[in-house]
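Chain identifiers are assigned alphabetically (A, B, ...) following the order of the sequence lines, protein sequences preceding nucleic acid strands; residue numbering begins at 1 within each chain. Scope of the values below: all heavy atoms of this structure, side chains included, with no hydrogens, waters or symmetry mates.
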Amino acid sequence: MEKVLEVKDLHISFDVYGGEVQAVRGVSFDLYKGETLAIVGESGSGKSVTSKALMRLLPMPPAKIKQGQILLEGRDLTKLSEKEMQRVRGAEISMIFQDPMTALNPTMTIGKQITEVLLKHQQMTKAEAKARAIELLDLVGIKEPALRFKQYPHQLSGGMRQRVVIAIALACNPKVLIADEPTTALDVTIQAQILELIKDIQKKTRTSIIFITHDLGVVANVADRVAVMYAGKIVEKGTVDEIFYNPKHPYTWGLLASMPSLEHGDEELYSIPGTPPDLLNPPKGDAFAPRNAYALKIDYEMEPPMFQVSDTHYAATWLLHPNAPKVEPPKVVRERMKKFEALTKDRGGEKR
Amino acid sequence: MNKLVEVKNLKQYFKVGKGQVVKAVDDVTFDIYKGETLGLVGESGCGKSTTGRTIIGLYEATGGEVLFNGLSVHRKKSAKEAKELKRKMQMIFQDPYASLNPRMTVADIIAEGIDIHGLAKSKEERMNRVYEMLETVGLNREHANRYPHEFSGGQRQRIGIARALAVEPEFIIADEPISALDVSIQAQVVNLMKKLQREKGLTYLFIAHDLSMVKYISDRIGVMYFGKMVELADAEELYRNPIHPYTKSLLSAIPHPDPETERTRKRIIYDPSQHNYKEGEDVRMREITPGHFVYCSEAEYEKYKAMHS
């Protein structure tokens, strides 16, 4: 498959009064054409910082990209000047934000906000831009697009506004679309509509999507591949089936087990004790070790490398080392693993 | 089972100018039994939070009544009765950042209710109660002299719970208590709430939009839609056999953390016009199977009854 975006060993820090917050500590991933990569993690795990870095939207200073490369079709975005970056932003990479109430300008009509992008990036006349904007509104499922074109954001509901934000993001047929918690502010029924819309548009345009969320239900719905972030690092990545049915990292186990399934009985929920580490002074060794019931001695000394589980599945935990003791994951996760075995058997080992 | 809270034909209307009225809660009736957790779900704007806030008396009800242990919440009562009622009903709020006064220490936040209700005779007793509360919710006594900004979201929500518990309430209204927290912290707070319920025999009204968490914590669940309660049943029953088309649609919209079910999920779309209620038709909550109530007309009742027995 064709690689659209390659992120290599990205390190991002923020200079603050107390020192340096190491928000992203060595993140690498690839994004292929037409796929959806979900990045999951809790607040403070560095998922949003990573995505903003791709768009070069971080305020610098205090933020700085300490090392690493962001290659969009081979071109390193970290090396571009601001002027060159402006030609990339919105045209080749664009972004859907979490809160459609704040992402739109309340004093501009919907139409003006969409045509703005088109006039800036694609030498269109005003009339052409208007025709394209109405076409885009229609594409994102807004009824009476010609009427909505003239309206202001406050005249639209939350779900409609998010559709407009999506229309703006799609205006120039970007190669990469970053969706940063695009449905978190919406109700479940509206969320379901927006997710369907995003998937539908992806089928039509073959855009690659980076989907950032903390909701594992949403991930299961949209993702082809998943990267799990913790304390500024990717701790596990794999196909959606591998992450949900055959997770290897204890943090992924914790995330999956702490959500009650609808079949969940009355037993206590599995919970990850404690809180995420302070990235002002990242701990020595594995950052997850203090919260990890399965931590080994070595976890406090040395950071685990990425161990390969399959061609597509990697996890950074010492438990995968050949000399590590065998451990039993939580019950909920063991049940998921059983399901995975059944799944792969059905398909004769064929992978999605 | 004993009824602790009885909500009868509760109405809460808000004037929004030009003679327009928003019927946030429109004729809602339900009971909450002692020691149970009643979950209240629905989309934003359906009136679930307003219901909670009206029950505790934060709003004057437009119509109907709320009885707590047989005593009306909204009718005039003596100062002593009013105070006692406020002690017995407490609330945990959604946003642990906005609901704690940033200028007060944790000890003062937790002890505010103790002071108002005169529950501690000496300074020493007051502090001992604060320490006890902190330990009950899984914090420690060193935290007492700190300020809210020194805590994480999950820890703040624990302080909010400690504050509610400090006055020994019987009934707690939790309005989206975990929505602002991360997944791993949500489980911690939910486990804590369940443990406290077992130990202290508390009754909860748990308001949320995250249906899988609501199902886990609740004994019974009420579903609200546009100010009306449309379905009320045992948690298990509601998920296995939803009857009202809106409940079915809501359940079909939740994404499950399971890729295989997601690939095959069919979403049901709710169209309110499908009911086709006539002018003046008697539409109300009716019992379809024992303990399972649905908002329906006489004709629908017959239909549902035939389908589910």
Report task. Step through the shown structure and confirm whether more than 12 heavy atoms of other residues, nucleotides or ligands are within 6.0 Å of NZ on Lys331(A). Result -> no
Okay, Gln191(A) and chain B: the region with an atom under 4.5 Å from a heavy atom over there is side chain
Correct closest heavy-atom pair for Ala192(A) and Arg267(B) would be CB-CD, 3.2 Å
task = Evaluate the side-chain proximity of Asp258(B) to Lys339(A): yes if any heavy-atom separation is below 4.5 Å, no if none is.
result = yes
Closest non-hydrogen contact found for Ser249(B) with Thr189(A) is OG-CG2, 4.2 Å
Over 12 foreign heavy atoms within 6.0 Å of CZ, Phe226(B): no
In short, Pro259(B) meets Asp241(A) closest at the heavy-atom pair CB-OD1, 3.7 Å
Of Val218(A), Asn221(A), Leu216(A), the largest count of non-hydrogen pairs under 4.5 angstrom with chain B goes to Asn221(A)
Okay, Tyr251(A) and chain B: the region with an atom under 4.5 Å from a heavy atom over there is neither
For Pro257(B) and Met259(A), the nearest pair of non-hydrogen atoms, with its separation, is CG-CE, 4.1 Å
Whether over 12 other heavy atoms sit under 6.0 Å from Lys23(B) NZ | no
| Heavy-atom check, side chain of Glu262(B) versus side chain of Leu195(A), under 4.5 Å | no
